[in-house]
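Because only heavy atoms are used, hydrogens play no part in the values below, and waters and symmetry mates are left out as well, while side chains stay in.
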Protein chains: 2
Amino acid sequence: MSGKKSSLTVADVARAAKVSKATAARVLGGYGIASETARKAVLEAAETLGYQPNDLARSMSTGRSGLVGVIVGDIENAFFSQAVRGISDTLRAADLNLIISNSSERLSEEIEMVSVLLRQRVAGLIVAPTDARHLDHLKAALAAGTPVVTLDRHVPELEADAICGDDRESVGRVLRRLHEVGHRQIAYVTAMETTDGKLGKLEDIGISAVRERITGFLTHMREAGVEKPANLVFVGATGDDETSLVVTRILERSPPITAILASDSLIGARIFRELSDRGLKLPQEMSLVSWFDADWTRVTSPRICVVDQPTYRFGQEAAERLIARLKGDASPPQVFVIPTPLLERGSIGAARSD
Amino acid sequence: MSGKKSSLTVADVARAAKVSKATAARVLGGYGIASETARKAVLEAAETLGYQPNDLARSMSTGRSGLVGVIVGDIENAFFSQAVRGISDTLRAADLNLIISNSSERLSEEIEMVSVLLRQRVAGLIVAPTDARHLDHLKAALAAGTPVVTLDRHVPELEADAICGDDRESVGRVLRRLHEVGHRQIAYVTAMETTDGKLGKLEDIGISAVRERITGFLTHMREAGVEKPANLVFVGATGDDETSLVVTRILERSPPITAILASDSLIGARIFRELSDRGLKLPQEMSLVSWFDADWTRVTSPRICVVDQPTYRFGQEAAERLIARLKGDASPPQVFVIPTPLLERGSIGAARSD
DNA sequence: TTGTAAGCGTTATCAT
DNA sequence: ATGATAACGCTTACAA
């Protein structure tokens, strides 16, 4: 009852239809030409036998594989899973499938996964590169003729299309808004880890989206007359405990910090919980803005103001670019910047009088 | 600069290493035997040439493919993306990769995806079957010798291992708790669609997890002396508007409904928003319990009591079962029931006096 | 231990 | 329009 029946081949169908293997293959593969009679005979034979083509073999001889590799930082994160959905929907419409891998935002894993995917001879790669300073593996993919599209991140040195948000500008929008209602001491909190817990050189930030946003933050804050904005960037908010520590440091600051920007929605949620655990009232005692319009930001009171990153669209665009490349588009690599508007909600209030 | 260099083969390496193709293949494939000298020569040649094996070809000749197909209802839903993460982590440890597909909870898409994945000759399949009454495609997979594991759902008629929660019991736990604090009129809300908006025959519920929970609900409610518990099951909460309608109907009921169970975390979030939009106070005016410990349930006030479905573990177990099958385990199919404990939080309060 | 040669299931070339 | 037949890149008897 549990048959490991080594599936049927075109040869079997050909035999049943009393034509040559070549003719059967032409009909089944939908290429070349065949007479109506032959076509009918073959299709009928295939039907009754229950023939299922072997895409492995097909890819072997054609050289192209119908599989696209996707490497994200963390599929559990709605930011990425939503993007993956966009990718998936778009790819399917082009008859492509998707092999998915998690880098856990670790370079070593990303390298490993690229290698695995290349071995599988994927038709193309969509990657959220973990570290803009290590690109050999991605360059190797390109050199092997496998198109690459970067997702959410842009690496100029790579000959690849990129889909990303307007990170630097989005920070500007947030800060302008906060400035309008009187905020001056504003904290930026990110998960990024540094050796000493302090913000280092900007060039050392491997994830371009993070680098862009912090750069924007520093620029705009300086323009607004804040002395040492780097002191307002808090790094290392990687988990609950670390974030708790960061919040403590923020609350101890003098002059008092009146608003917090959370670099992503995981951090945002943690910060929100910390603040409400400590009994702080939003937005009277603290304003909060997070990146990504996650579910949780709409059930809090007040609801949380967010920078809306339409990641489903990120995914769509990425897949579309890749498909274009697969179809032969050989134009120079482009960066597609997707607007990430500020969604105003109750978590921004007037700054406390200092 | 953009080379479509048709990658190197074992033959190229063999030539460079001055050995036969077979010897090179043996070394590179890590099978058979080779002298130390040969081994060194081959590896060195492979290294300097930059040889990358072709897994497609390998699968072709060995018959096994190193790829596992996963079909979920909606990768955007944290319930599934978390499970996928569990699957991914576990598979990787066994040197397997994962092709992922979305069924959008539609049978037709599921059938299509199974077919695509079988064509790709995946080694195995992990599926959250959309409809327990249509199994031909999954049976075909089994017949072709491809092991199948069902995720979150169990279909007895299928010769496949199943990983699922203790759905029926979990409803019991929830209801018992609610009963203790005085609730009698309790609503169960699900996304499931029916033709007339009413609950039909239980056997017609295609998703086993939903069927089990509703069955449990009806049984326990009856045991608690509620007359027509079916009237307390609200179906069709598929989107924001539909859920709004359901909530209206719930609030209009007499005798008044004092507690709501949300069949999944998307519905739970929608219901919560509806309730707070209407100014109802949790838990004084309404109690709420949701399935799945989603992020949003921990940032509301009060926090939402949930039935904790450890879906990462669901995924892990599913992958482990599949790996066991791939290794040749031929024992009869088993159902692995994973406990889904009730996490008590502030959203349960004493029932209003009626 | 090593090499020769025959597959795996397609596609693709070239006569017929 | 159709049919032999040779690839594709690997594994795997079987021989040497």
When the distance from [atom1] of [X] to [atom2] of [N] is rounded to whole Å, what number comes out?
X	N	atom1	atom2	answer
B:R121	C:dC8	CZ	C1'	11 Å
A:L56	C:dG7	CG	P	20 Å
B:N54	C:dC8	CG	P	18 Å
B:K21	C:dT2	NZ	C1'	15 Å
B:L49	D:dG9	CG	C1'	16 Å
B:Q52	D:dG9	CD	P	14 Å
B:Q120	C:dT10	CD	P	13 Å

_Quick check: on DNA chain C, is the nucleotide nearest B:A57 upstream (toward 5') of the one nearest B:A22, or the reverse? Name the residue that is more 5'._
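First, find each residue's nearest nucleotide; the 5'-ward one identifies B:A22.
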The criterion is salt bridge (charged side-chain N to carboxylate O under 4.0 Å, His left out); which residues satisfy it with [X], sequence neighbours excluded?
X	result
A:E110	none
A:E109	A:R106, B:R92
A:D329	A:R321, A:R325

*asked:* Just so I know, are the side chains of B:L158 and B:T150 near enough to count as touching, which here means a heavy-atom distance under 4.5 Å?
replied: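 Contact flag for B:L158/B:T150 side chains = yes.
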_Applying side chain to side chain contact (heavy atoms under 4.5 Å, CB included), can you list everything that pairs with B:A16, at least two apart in sequence or on another chain?_
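B:A16 satisfies side chain to side chain contact (heavy atoms under 4.5 Å, CB included) with B:A45, B:L49 only.
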_Strictly by ring-ring contact (aromatic ring centres under 6.0 Å, His included), give each pair with a member in residues 132-162 of chain A just once, sequence neighbours left out._
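Applying ring-ring contact (aromatic ring centres under 6.0 Å, His included) to every pair that reaches into residues 132-162 of chain A, excluding sequence neighbours, yields nothing.
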*Return each pair, listed once, that meets ring-ring contact (aromatic ring centres under 6.0 Å, His included) where at least one residue sits in residues 60-84 of chain B; pairs must be two or more places apart or across chains.*
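Output for this query lists B:F79-B:F292.
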*Bend angle of the helix from C:dT1-D:dA16 to C:dT16-D:dA1 from five-pair axes at both ends, rounded to 10°?*
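The value is 40°.
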_salt bridge (charged side-chain N to carboxylate O under 4.0 Å, His left out) partners of residues 122-132 of chain A, not counting sequence neighbours, each pair once_ =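 Every salt bridge (charged side-chain N to carboxylate O under 4.0 Å, His left out) pair that includes a residue of residues 122-132 of chain A, provided the two are not neighbours, is A:D131-A:R133.
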*Enumerate the residue pairs fulfilling salt bridge (charged side-chain N to carboxylate O under 4.0 Å, His left out) with a member in residues 135-153 of chain B, sequence neighbours excluded, ordered by first and then second residue.*
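Only B:E105-B:R153 qualify under salt bridge (charged side-chain N to carboxylate O under 4.0 Å, His left out).
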Could you list the donor-acceptor pairs under 3.5 angstrom formed between side-chain atoms of residues 21-36 of chain B and any protein atom two or more places apart in sequence or on another chain?
from  : atom 1 : to    : atom 2 : distance (Å)
B:T23 : OG1    : B:S20 : OG     : 3.1
B:S35 : OG     : B:T37 : OG1    : 3.1
B:S35 : OG     : B:A38 : N      : 3.2

_Shortest non-hydrogen separation from B:T130 to B:L107 and the atoms involved_ =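 Residues B:T130 and B:L107, closest heavy atoms: CG2-N, 3.8 Å.
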_Is there a side-chain contact between B:S20 and the phosphate of C:dT2, meaning an N or O under 4.0 Å from OP1 or OP2?_
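For C:dT2, OP1/OP2 do not have a side-chain N/O of B:S20 under 4.0 Å.
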*Among residues 58-69 of chain A, which residues get a heavy atom nearer than 4.0 Å to DNA chain D?*
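Going residue by residue through residues 58-69 of chain A, the ones with a heavy atom under 4.0 Å of DNA chain D turn out to be A:M60, A:S61.
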*Does any residue of residues 26-45 of chain B have a heavy atom under 4.0 Å from DNA chain C, and if so, which ones, in number order?*
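Result for residues 26-45 of chain B: B:R26, B:I33, B:A34, B:S35, B:A38, sorted by number.
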